[in-house]
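Values in this document were obtained by computation on a predicted structure and should not be read as measured data. All chains are named by letter (A, B, ...) in the order of the sequence lines, taking the proteins before the strands, and each is independently numbered beginning at 1.
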Amino acid sequence: MKTAKISNPSIVLQLSGLTKKIGGKAIVDGLSFDIAKGEVVGLLGPNGAGKTTTMRMIVGLIGMTDGDVHICGQSIRTNFEQAIRHVGGIIENPEFYPYMTGYDNLKQYQRMTEGVTDARIEEVTKLVGMQDALDKRVKAYSLGMRQRLGIAQALLHEPKLLILDEPTNGLDPAGIKEMREYLKRIAEAEGIAILVSSHLLSEIELMCSRVIVIQEGKYVTARSLGETESPKQKIISISLQVGDAAHAQAVIEGMEGIEVVSVTASRMTIQIQHEKIPGLVAGLATQGVEIYRIEEVRETLEDEFMKLTGGNRIA
Amino acid sequence: MRNFSGLLVNEWLKLSKKKSFFVAYAILVVVFGILAFAFYKLSPDGLDSTLDFATGTIMLQAAGQLVPVLAVLAAAGSVTQEYRYGTIKFLLIRAQSRHKILASKYIISIVYALSLVVTAAVLAVVAGYIVYGGGSGDSTWTDFFSNMASLAVYSIVFVTMTFMVGILTKSNGAAIGIGIFSMMIGSLLVMLLSRYSITKYLLFANTDLSVYRSDAIPVEGMTLAFSIVILLVYVALFLSVSFAVFKKRDIA
Ligand SMILES: Nc1ncnc2c1ncn2[C@@H]1O[C@H](COP(=O)(O)OP(=O)(O)O)[C@@H](O)[C@H]1O
Ligand SMILES: [Mg+2]
């Protein structure tokens, strides 16, 4: 058996220098990242960034110009059948044979893979809450139902990696929330890694532990989401509401390591090291400054993402 | 192997679960019914037995022509419908090679064509029996089975060609159009070009093997063995192109 260069067994998906050129233009350009077991990772980028193209290459629907994709150590390029057996996916919209029932459609994919039992069909349809609609023809399904059936077909063969291309596209806010919840449930119940793309951070940030931002086919940045402890030296922005901002400013300017960013009559924004905040509060209090509010000004990830991707390009 | 039979079952179900599936067989029933009725009313000269009727009607120049047309309609859709529905994206991300998937599609297209040939042949015999109740004529069972075999060969060749056109164009309409158009125009073309000996290498000069049982050989010097070789070469070519293109194709 061919072994890949990676040795870390918990790496489920590995992209190394993945590149797609069409007509001389690099649509995906030297993309590299890893996803470990159990991770839910977002692939974020404005429309046309190359998310779908990247995912098509990951599942072997299109060839790669350069680089490689390894799934559980097997190359999609040279060992397709061994690699793809660990993957379930939906690229763009979930599409089925419209004249067949949901059940008949799932049976199609059952017959294509060794070892998928009828009990497994039942299990995945329950997981996505489709057990009552399975006897209907797919042409009568709503988009939300097709999304669920799509996820059911993707999970059928117990993959280690789920690839979902904009699964929230076309869903209403309630549908998006629901999708988020059952994807979380699936990640827990099945213990699999999920790569999910979106052009809207807000739609995936609540389910991802990490986002990878791409633009014009290139890697831009990656961010871990969720609470991170502030390091002591970290400089943060603080907004203060005080009785007399001018007085407070005079006091603060006498202190070290604090920068005043803006001041209005009763509000001011400052930059200060995390560990200096208690000193600031004590100093203001002893000088008789009345403090009504003290808040951290956080740049939301959305702001950050807008900045990274040039905001206006996001549809 | 279990996997491959699964693929075959899948392809058969994709055909047979369609509402239009029975239409093809129903058309054959209706056409042979009408023919039987017409022959019963008119009792044309030279046709005196069940076998005369059956052998004559399943010829390409008669009701037999319906069989390759119906077979081509289905073969055109085998790959192109997967594109149309978008299901190709689910089909090709399984632990199955593209070659195996395409092979299952081709095999089922051929099986379907043969099922139409057999249906037409059975209907021809049954209709002939109803009209003539046996009887004695010139035709033998050998004649009948030769015509049936010719019909099968002709259907397989055009199914294979249409299958390839479907893969190349990804368009159901184009595949049907080109498949049926070349059936129509092919024999005409051969007739027009029959004085050039190079014409015998044309696919269409060789598709109807029943000519070797009459004396209507399209180009001088052609033999049954020659035609079979030419057909095999063309079919091999069509299949090589189909499999090579389908294997490499980006599914966008
Ligand atoms: N087959 C193709 N030929 C030429 N350009 C393409 C092709 N497929 C995609 N593109 C281009 O590549 C870019 C990335 O597309 P895509 O991967 O669909 O982006 P995303 O999914 O992030 O919106 C787009 O600018 C698109 O126009
Ligand atoms: Mg896309």
Structural part of [X] lying under 4.5 Å from a heavy atom of chain B:
X       : answer
Y97(A)  : both
M100(A) : side chain
N93(A)  : backbone
I163(A) : neither
H157(A) : side chain

Look up atom [atom1] in [X] and atom [atom2] in [Y], then write down how far apart they are to the nearest 0.5 Å.
X       : Y      : atom1 : atom2 : value
Y83(B)  : E95(A) : OH    : CD    : 14.5 Å
M112(A) : F4(B)  : CE    : CZ    : 11.0 Å
L61(A)  : R98(B) : CG    : CZ    : 6.5 Å
L92(B)  : I91(A) : CG    : CD1   : 12.0 Å
Q108(A) : L7(B)  : CD    : CG    : 9.5 Å
N105(A) : K14(B) : CG    : NZ    : 9.5 Å

Practice prompt. Heavy-atom distances under 4.5 Å only: say whether I101(B) touches chain A with side chain, backbone, both or neither.
Written response: side chain

Worksheet entry | Contacting region of E82(B) [heavy-atom separation from chain A under 4.5 Å] | side chain

Step through the shown structure and confirm whether more than 12 heavy atoms of other residues, nucleotides or ligands are within 6.0 Å of [atom1] on [X].
X       : atom1 : result
K126(A) : NZ    : no
D118(A) : CG    : yes
Y129(B) : OH    : no
K18(B)  : NZ    : yes
E81(A)  : CD    : yes

Item to complete: Report yes if some heavy atom in the side chain of F80(A) is under 4.5 Å from a heavy atom in the side chain of S97(B); otherwise report no.
Response: no

Worksheet item: Do I84(A) and Q96(B) have side-chain heavy atoms sitting under 4.5 Å apart?
Response: no

Practice prompt. Using a strict 4.0 Å threshold on nitrogen-to-oxygen distance, state whether K89(B) and D165(A) make a salt bridge.
Written response: no

Worksheet item: Using a cut-off of under 4.5 Å for heavy-atom pairs, which of T52(A), I90(A), V87(A) has the most such pairs with chain B?
Response: I90(A)

Worksheet item: What residue in G150(A), A154(A), G89(A), G88(A) has the most heavy-atom pairs under 4.5 Å with chain B?
Response: G89(A)

Practice prompt. Determine the interplanar angle of the F90(B) and Y109(A) rings, folded into 0 to 90°, and report it as parallel if under 30°, tilted if 30 to 60°, perpendicular if over 60°.
Written response: perpendicular

Worksheet item: So, does R56(A) use its side chain to make a donor-acceptor pair with the main chain of I251(B) at under 3.5 Å?
Response: yes

Worksheet item: Under 4.5 Å, heavy atom to heavy atom, which residues of residues 56-71 of chain B contact chain A?
Response: none

Fill in: Donor on one side chain, acceptor on other, Y99(A) and K19(B), under 3.5 Å
no

Practice prompt. Step by step, work out the side chain to side chain contact (heavy atoms under 4.5 Å, CB included) result for K107(A) and L13(B).
Written response: CA-CA 10 Å; K107(A) 289 292 277 187; L13(B) 290 175; over 6 Å; no

